Asker: 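Let me give you the structure first, and then I'll get to my questions.
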Amino acid sequence: MKLVPGSIKGRLLFWLFSFASLLLISLGFFLDNEIGDIVISSVDDLLHSQTQLIVGLLHEEHGGIELELSEIIAGEYSIPRSGHYYKVLINGEPAAISPSLVNSEFNLATGEIVSSNEKSREKIYLSVGPDNEPVRVLQHDLDFMGQQVSIFTAESLRGSHNMINRFRYVLLIMIPLSILTGGLVSLWITSKSLDPLSIFSSKIEMITHKTLNERIDTEAEAGELIGIASSFNKMLERLQSAFDAEKRLIADASHELKTPLSVIKTKCDVLLQKDRTTEEYTEALNAIRNTSGTMKKIVDDMLSLARLDSGILSSGGFQKISIKSVLENAVQLMEVPADRTGVKINPLFRDEKDTDITGDQNTLTEAFLNVIENAVRYNKSGGTADISVSNDRGHVTVMIKDTGTGIRKDDMSRIFDRFYRSEDSRSVEGSGLGLSIAKTVIEAHGGSIRAESDADKGSCFTIVLPC
Ligand code: ADP
């Protein structure tokens with residue numbers, strides 16, 4: 001079971017309540033202790049002053065000690081068992097005893113000694129009085145005219161104990177009441193303090209996928225929420241751009257698939273209008289096969305991109321691979337198409353030093369294949385595609401240089417965009433996704449890709465990967 005509640009409101013309430021309760025209980029103990037000390041020390045003060053009064057009444061008369069007690073005999077000392085007592089011993093023999101002790105067995109010099117002072121020759125006893133009441137007794141010894149005098153004064157603690165007990169009752173009622181009131185006030189304060197949070201949460205709840213363009217007004221939020229509100233707005237921006245990119249991808253994909261689909265439909269419609277010769281059927285079926293090949297390429301590339309977007313590439317699954325083996329795989333897959341178009345692939349890297357990189361073999365092969373494929377497809381018969389590797393200060397650089405059509409300046413900034421195809425390349429089969437895939441894979445490996453091109457002279461793609 002959790003002692004501290006999980007919610008912010010519960011936590012605030014718990015800590016405020018615990019702190020206030022602890023403070024009040026400690027204060028209660030402190031006051032109880034203090035009041036006890038104050039009352040007892042006022043009793044001791046009274047005993048001292050009574051003792052000093054009796055000392056002042058000792059005087060010499062006819063060579064002996066005389067004690068004139070008439071001044072203090074009156075009042076409470078004259079009422080039996082009044083709770084105020086005194087006794088004077090001279091050389092151990094009783095010389096005076098308060099009338100309040102008459103007919104009482106109470107011996108003042110008994111009980112537990114609670115304090116003793118050698119210097120002032122004083123002792124304080126805690127004893128039980130003639131009325132069975134707690135009594136505090138002060139014994140003061142002195143030498144007077146060469147004789148040993150002991151003065152005992154005693155005060156009942158019944159009144160003091162009553163006062164302390166009354167004070168304790170007040171504390172016992174006031175402390176729980178204060179804790180309860182403190183709890184209710186804490187509840188009110190926490191609810192009021194957390195109001196902005198509830199308003200903030202209801203504003204967030206209002207935002208749906210249809211209203212992703214809305215933002216929280218940070219100016220209107222409480223100080224502590226401004227940071228959260230602006231982080232939330234930034235998250236909304238990221239979500240909105242991802243959502244927009246997704247929508248654009250679907251729109252672009254539908255657009256790209258619409259053309260080959262209408263080509264297939266038109267071919268079928270034309271074929272079905274009348275009986276056709278075997279050659280006509282063969283030609284139409286070949287066209288349909290090529291067009292569906294284009295569609296398959298688009299769908300395959302879209303699936304690759306979707307897989308990459310879902311984060312299948314993470315450094316946790318990366319392994320040590322040789323850059324040469326990755327390039328070799330890609331080159332082998334392109335050898336037949338390159339022969340068919342009369343383009344010569346020059347794998348210059350075969351003569352260069354191999355380097356190990358950390359990554360995913362399959363996706364990296366796909367990325368390099370896309371770039372090499374472009375170097376072949378956007379080339380001319382008799383053209384070349386040179387592939388070289390160099391290693392420099394923790395980085396491996398792969399250059400794929402072709403002698404093809406080149407890329408126009410206007411197109412350069414967009415060739416890595418999804419579905420972007422330059423006007424010049426429309427005659428060549430493609431999905432417009434190859435370079436997007438390559439860029440996503442390379443960047444997921446912590447690398448970069450860039451293109452340089454001279455229209456009509458060819459292009460050079462430079463891929464840098466950490467090693
Ligand atoms: P695809 O090749 O399927 O159209 P890509 O994403 O691979 O899609 O390439 C995007 C565009 O960049 C291509 O349509 C083409 O216009 C241009 N391009 C890419 N590589 C080259 C290259 N080596 N030479 C000329 N143009 C290129």
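Note that ligands are numbered from 1 as they come in the structure, with each ligand's atoms numbered from 1 the same way. Bear in mind the structure is a predicted one, so any value in this text is a computation, not a measurement.
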Asker: Around ligand 1, what residues show up once you keep those with a heavy atom under 4.0 Å from it?
Answerer: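 Lining ligand 1: Asn374, Ala375, Arg377, Tyr378, Asp402, Thr405, Gly406, Ile407, Ile415, Tyr420, Arg421, Ser422, Ser425, Gly430, Ser431, Gly432, Leu433, Gly434, Leu435, Ser459, Phe461.
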Asker: Does Asp300 pair with Lys296 as a salt bridge, N-O distance under 4.0 Å?
Answerer: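 Salt bridge flag = yes for Lys296 with Asp300.
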Asker: Go through the structure and list residues passing side chain to side chain contact (heavy atoms under 4.5 Å, CB included) with Ile264, not counting sequence neighbours.
Answerer: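 Ile264 satisfies side chain to side chain contact (heavy atoms under 4.5 Å, CB included) with Cys268, Ile288, Thr291, Ser292, Met295 only.
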Asker: Between Glu328 and Arg350, does any side-chain N to carboxylate O distance fall below 4.0 Å?
Answerer: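 Judged by the 4.0 Å cut-off on N to carboxylate O distance, Glu328 and Arg350 do form a salt bridge.
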Asker: Indicate whether any N or O donor in one side chain lies under 3.5 Å from an N or O acceptor in the other, for Asp411 and Tyr420.
Answerer: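 Short answer, yes.
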Asker: Can we say Glu237 and Arg215 salt-bridge, meaning some charged N sits less than 4.0 Å from an Asp/Glu carboxylate O?
Answerer: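 Arg215 and Glu237: salt-bridged.
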Asker: Run the salt-bridge test on Arg418 and Asp309 with the 4.0 Å N-O cut-off and return the result as yes or no.
Answerer: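 The answer is yes: the pair qualifies as a salt bridge.
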